[in-house]
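So you know, we letter chains A, B, ... as the sequences are listed, proteins then strands, and number each from 1.
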Amino acid sequence: MKVHLPDGTALDLPAKATGADAAQAIGAGLARAALAVRVNGERRLRDLSAPLMDGDRLEIVTSRSPDVDGVSPLELIRHDAAHVLATAVTELYPGVKVSIGPPIDEGFYYDFDFPEGVRISDADFEAIEARMREHVKAAEPFERSDVSVAEALERFRSEDQDYKVELIEDLVRDEGVETVSLYRNGPFTDLCRGPHAPTTKSVRAFKLQSVAGAYWRGRSDRPMLTRVYGTAFLSREDLEAHLERLEQARARDHRKLGRELGLFMFSDLTPGAPLWQPPGTAVYNELTALWREENEARGYREVRTPILYDVELWKRSGHWEKYKDNMYFTNVEEREMGLKPMNCPAHVQLYKADRRSYRDLPIRMSEAGLVHRHEASGVLHGLLRVRAFTQDDAHIFCTEGQIEEEVLGCLDFGFFLYDLFGFTPRLELSTRPEQRIGDDAMWDRAEGALEGALRRREIQYELNEGDGAFYGPKIDLHMTDSLGRSWQLGTVQLDYSMPERFELEYTGADNSEHRPVMIHRALLGSFERFIGILTEHYAGEFPLWLAPVQVAVLPVADRHVGYAGRLSQEMRAAGVRRVEVDERSESVGRKIRDAELRKVPYMLVVGDEEEASGRVAVRRHRVGDLGAMEAGEFAARVAGEARERSAV
RNA sequence: GCCGGAGUAGCUCAGCGGUAGAGCAACGCUCUUGUAAAGCGUGGGUCGGGGGUUCGACUCCCCCCUCCGGCUCCA
């Protein structure tokens, strides 16, 4: 038979030849390097041992093969690694039940159910890794066998592998399968659809990383399994490089930098609520100032509303029914009050304070609004998941015809803000969920308006079907943190429900009453979460305009402190607001070192020469000595840089 | 909330049944300094909180709190 190779040539092979045979026919080196085959351009790879058919188009996949539709040799060997992990664990912990072990973006995991009383921690990794290495070294083949469902069930039942039994039963029920494939490597056999590399020696570079709990099938009403995370690469060097990257990422963790730079802290007495220290407050205030300025420029009117309301309000808004478990309540003099988890009902009160005409619309109301949400204790995470935070919130009350224009305005505003930081957010459009209010015609219009806005700007987005709020569809803006975890920042949501519940009205041109539509909009999301992401993005090296201390004046000796003080006054007068003088009787080297560690953008070294000539010796963070400059010139230049909010 | 791990000086960490340690920071003195750590000295801890076991607990056991990694959740 003939199979066709990517370069257009045909290869003559005996009948029933396999991918391995084909690789061997091409060359011994290729045969050694081959991991799997891609047949006829299929997305899913096949085992090297799978028989080929006459006329197949064949690609031999090696560690150097490129990704195709997200399927890569890396993914293959990570899956191999998961099997090797399970092999070692089943040997070391008799009675353990195995479940699933897939490759993931950065590695792989395997979920185990350990026998009663057995628990493992990363202290056990060394022993497990050692056992894994033995299997890798033995280059045990991955042998596939296709067996009947009955045989597979019999096998796993006899081994008390309940999870495998459940998986097979579900395969029969959901997909009507009659056979399943098993893969054996050494002493371990797993239910698996494959493919795998020819032998375990493909797993040459791996490392176990962490152990964590994970619900069976991701459902909190099912048993909690023990998940072991690891990573694997095609080479030792790649693995080392990856571990090195992780190390560096940890160094830019906002929680670490927040402590080191004195940005914010947490107290055990109010978990999940950041306390902002002076340097962090400086960043916070600059960000707020930017936000306020831009809101004004875009036709928003800022408001301020209380954080505590009678539960009556929350019942009316629907929060009581849907979210009371996540709200904080207090009862004083027999009046039940709730802390706001959202600002919208408050803004609705302001809307209702006046009769509204179609001429007033759209009304754009903005507020840096402090909200409290009782997040589950296990999910709190630095500034990225908190219980008390300030949203850069706004609500737009408009007519249905104005929706697309207003949504577009929100998105443009968002992109303006994100551009300022060099961020490229990932956009998600979430559409009607199963449980929702409003008729389909309403949803058609609402989703159409959001989609239309995205299309008009030719914006890339992911569709998240069924993930909208119960009252309307939404567009979310996501960013990832230093460890690659994705966080939602901004959101633009359409809401037909709140106006209904609060009976909002405006008088139309026809002199009759109409119901406005509300757009909920937060662009940064919350100042807390955004500063968390910003801190990691800049690795704590904030650009001048955001920097907690913009300029540190470093007198060479005590006698220069007076000159340094005069300089700082001058700079403040010129518009550089955050200037500090290091008045300690320390060496210049020490003062420089400390300012560098605090990541202060500019340092001014001033001694006899500078004082005599009215100049400053400028040093830039991480760049070094820039030479001397006339003091006034420096102040003007830096003030300009701060005013322009330039990126560097 | 669930599973696992961890909480020792302001920070980073060592110690682990027999009266609590280091480096940095802080404070004092000396030095008056030129582009990433001057020298000497001093003070500082209910060893997260509460119970228990023990002659004796930072150390062992139980409960709680907080943090870390995941899972679930995330208006």
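- Checking each of A:K97, A:R227, A:R222, A:K164 against A:D111 for a salt bridge (Lys or Arg N to Asp or Glu O under 4.0 Å) leaves exactly one that passes, namely A:R227.
- Taking side-chain N and O atoms only, A:Y229 has no distance below 4.0 Å to OP1 or OP2 of B:rG5.
- B:rG51 and B:rU59 have their P atoms separated by 13 Å, with the value rounded to a whole Å.
- Proximity of A:H381 to the phosphate of B:rG69: a side-chain N or O atom is located under 4.0 Å from OP1 or OP2.
- Between A:F266 and A:F264, the ring-plane angle classifies as perpendicular under the 30° and 60° cut-offs.
- Residue contacts shown for A:E586 include a base, since a base heavy atom lies under 4.0 Å away.
- Taking atom C1' in both B:rU42 and B:rA25, the straight-line distance is 14 Å, to the nearest Å.
- The CE atom of A:M265 sits 14 Å away from the C1' atom of B:rC11 (whole-angstrom rounding).
- Using P as the reference atom, B:rC60 and B:rG5 are 14 Å apart when rounded to the nearest Å.
- Ring geometry, A:F530 versus A:F423: the interplanar angle falls from 30° to 60°, so the pair is classed tilted.
- Distance noted for atom P between B:rA26 and B:rC73: 47 Å (whole Å).
- One cannot find a donor-acceptor pair under 3.5 Å joining the base of B:rA36 and the side-chain atoms of A:R622.
- Within 4.0 Å of A:V588, counting heavy atoms only, lie sugar-phosphate atoms of the nucleic acid but no base atom.
- Map A:A376 and A:V605 each onto its nearest nucleotide of RNA chain B; the residue landing nearer the 5' end is A:A376.
- Between A:F233 and A:H242, the angle of the ring planes lies from 30° to 60°, which puts this pair in the tilted group.
- Side-chain N/O atoms of A:R217 include none lying less than 4.0 angstrom from OP1 or OP2 on B:rU72.
- In this structure, A:R227 does not reach the B:rG70 phosphate: none of its side-chain N or O atoms is under 4.0 Å from OP1 or OP2.
- For A:R255 against B:rC68, no side-chain N or O and base N or O form a donor-acceptor pair under 3.5 Å.
- You won't find any donor-acceptor pair under 3.5 Å spanning the side chain of A:Q209 and the base of B:rG70, going by distance alone.
- OP1 or OP2 of B:rU12 has at least one side-chain nitrogen or oxygen of A:R259 nearer than 4.0 Å.
- Looking at A:R385, its side chain comes within 3.5 Å of the base of B:rC73 through a donor and an acceptor atom.
- Ring planes of A:Y309 and A:W314: perpendicular class, angle over 60° (limits at 30 and 60°).
- Rounded to a whole Å, the CZ atom of A:F266 is 11 Å from the C1' atom of B:rC67.
- Comparing the P positions of B:rG23 and B:rG41 gives an interatomic distance of 11 Å, to the nearest angstrom.
- Residue A:A617 places its side chain closer to B:rG34 than to any other of B:rA75, B:rG34, B:rG69.
- OP1 or OP2 of B:rA38 has at least one side-chain nitrogen or oxygen of A:S587 nearer than 4.0 Å.
- For the C1' atom pair drawn from B:rG21 and B:rC63, the interatomic distance equals 30 Å after rounding to whole Å.
- Below 30°, between 30° and 60°, or above 60°: for A:F112 and A:Y110 the angle between ring planes is below 30°, a parallel geometry.
- Electrostatic pairing of A:E580 and A:R578 does not count as a salt bridge here, judged by no charged N lying under 4.0 Å from a carboxylate O.
- On the P atoms, B:rG7 is 14 Å away from B:rC61, given to the nearest whole Å.
- Contact check, A:R485 against B:rG69: a side-chain N or O comes under 4.0 Å of OP1 or OP2.
- The same atom, P, is picked in B:rA22 and in B:rA9; the two are 14 Å apart, to the nearest Å.
- What separates CG of A:D594 from C1' of B:rU33 is a distance of 15 Å, to the nearest Å.
- In terms of phosphate contacts, A:R590 brings a side-chain nitrogen or oxygen within less than 4.0 Å of OP1 or OP2 of B:rA25.
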